Amino acid sequence: QVQLVESGGGLVQAGGSLRLSCLASGRTKSSYVMTWFRQAPGKEREFVAVISRSDGSTRYADSVKGRFTISRDNVNNTVYLQMNSLKPEDTAVYYCAARRDFTADWRAYDNWGQGTQVTVSS
């Protein structure tokens with residue numbers, strides 16, 4: 001129902017910054033939250049950040065609090081993830097997902113982007 005396309009991933013040194021984008025199209029009005037997940041090799045997909053498309057409220061995983069900021073541009077149907085002070089452990093494929101209400105369980109989401117690779121070197 002909602003098509004999502006992530007972009008902005010790449011290679012960055014530890015301590016650097018990167019901004020990811022998630023462009024949404026289709027039935028975007030039915031998706032009230034936009035969530036970022038990430039998955040590192042050999043690890044489970046994990047919650048990173050979420051934002052409400054209506055009031056802009058946010059929530060973050062403890063591992064990224066104070067370093068990552070999620071924001072939205074409803075006019076352009078785009079959600080951003082500003083990542084600062086990046087660490088090697090942030091290396092993962094980052095995915096954007098949409099849902100009517102929030103859950104941190106990735107298995108509950110039906111709408112996913114293709115993912116964008118973020119690699120943080122030491």
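Computed from a predicted structure; not experimentally measured.
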> Which residue pairs satisfy the disulfide bond (SG atoms under 2.5 Å apart) criterion with at least one member in residues 9-48, sequence neighbours excluded?
Replying inline: Cys22-Cys96
> Looking at Ala24 and Leu4, what are the two nearest heavy atoms and their distance?
Replying inline: CB-CD2, 3.6 Å
>> Suppose we screen for side-chain hydrogen bond (donor to acceptor under 3.5 Å, both in side chains). Which residues come up paired with Arg59, at least two apart in sequence or across chains?
In response: none
> With sequence neighbours excluded, what pairs up with Asp62 under the side chain to side chain contact (heavy atoms under 4.5 Å, CB included) test?
Replying inline: Lys65
> Measuring from Thr58:OG1 to Phe68:CZ, what's the distance to the nearest 0.5 Å?
Replying inline: 14.0 Å
> Please walk me through it: do Asn77 and Arg53 pass side chain to side chain contact (heavy atoms under 4.5 Å, CB included)?
Replying inline: CA-CA 9 Å; Asn77 292 317; Arg53 296 183 68 250; 3.2 Å; yes
>> Test side chain to side chain contact (heavy atoms under 4.5 Å, CB included) on Lys87 and Val120; report intermediate values, then the result.
In response: CA-CA 6 Å; Lys87 305 174 181 179; Val120 184; 5.5 Å; no
> What residues, two or more places apart in sequence or in another chain, satisfy salt bridge (charged side-chain N to carboxylate O under 4.0 Å, His left out) together with Arg99?
Replying inline: Asp101
> How long is the span from the CG atom in Asn111 to the OG1 atom in Thr35, to the nearest 0.5 Å?
Replying inline: 11.0 Å
> When clusters are formed by joining ILVMFWY residues with side-chain heavy atoms under 4.5 Å apart, either directly or through shared neighbours, do Val79 and Val118 land in the same one?
Replying inline: yes
>> Is there a side chain to side chain contact (heavy atoms under 4.5 Å, CB included) between Leu81 and Val48? Walk through the geometry before answering.
In response: CA-CA 9 Å; Leu81 185 67; Val48 176; 4.2 Å; yes
Hey, can you pull the donor-acceptor pairs under 3.5 Å for the side chains in residues 9-21, sequence neighbours left out?
{"residue": "Ser17", "atom": "OG", "partner": "Asn84", "partner atom": "OD1", "Å": "2.8"}

> Between Met34 and Ala98, which heavy-atom pair has the shortest distance, and what is it?
Replying inline: SD-CB, 3.6 Å
> Hey, quick one: are Val64 and Leu86 part of the same hydrophobic cluster, counting side-chain heavy atoms closer than 4.5 Å, chains of contacts allowed?
Replying inline: yes
> For Gln39, does its backbone N or O pair with a side-chain atom of Glu46 as donor and acceptor, under 3.5 Å?
Replying inline: no
>> Can you give me the closest heavy-atom contact between Ala108 and Thr103, atom names plus distance?
In response: CB-CG2, 3.6 Å
>> For a side chain to side chain contact (heavy atoms under 4.5 Å, CB included) check, start with the C-alpha distance between Glu6 and Tyr95, then their side-chain angles and the critical distance, and finish with the verdict.
In response: CA-CA 7 Å; Glu6 301 98 333; Tyr95 298 92; 3.9 Å; yes
> Does any pair with a residue in residues 34-60 pass ring-ring contact (aromatic ring centres under 6.0 Å, His included), and if so which ones, sequence neighbours excluded?
Replying inline: Phe37-Tyr109, Phe37-Trp112, Phe47-Phe102
> Ser63: what forms a side chain to side chain contact (heavy atoms under 4.5 Å, CB included) with it, not counting sequence neighbours?
Replying inline: Arg38, Ala61
> Got a donor-acceptor contact below 3.5 angstrom from the Asn76 side chain to the Thr78 backbone?
Replying inline: no
> Partners of Thr119 by side-chain hydrogen bond (donor to acceptor under 3.5 Å, both in side chains), sequence neighbours excluded?
Replying inline: Gln117
> Is there a path of hydrophobic side-chain contacts, each under 4.5 Å between heavy atoms of I, L, V, M, F, W or Y residues, that connects Val2 with Ile70?
Replying inline: yes
> Can you name the residues that form a side chain to side chain contact (heavy atoms under 4.5 Å, CB included) with Ser57, not counting sequence neighbours?
Replying inline: Ser52, Asp55
> Quick one: salt bridge (charged side-chain N to carboxylate O under 4.0 Å, His left out) partners of Arg67, sequence neighbours excluded?
Replying inline: Asp90
> Looking at residues at least two apart in the chain, or sitting in another chain, which of them share a side chain to side chain contact (heavy atoms under 4.5 Å, CB included) with Arg100?
Replying inline: Ser30, Tyr32
>> Strictly by salt bridge (charged side-chain N to carboxylate O under 4.0 Å, His left out), give each pair with a member in residues 103-119 just once, sequence neighbours left out.
In response: Asp105-Arg107
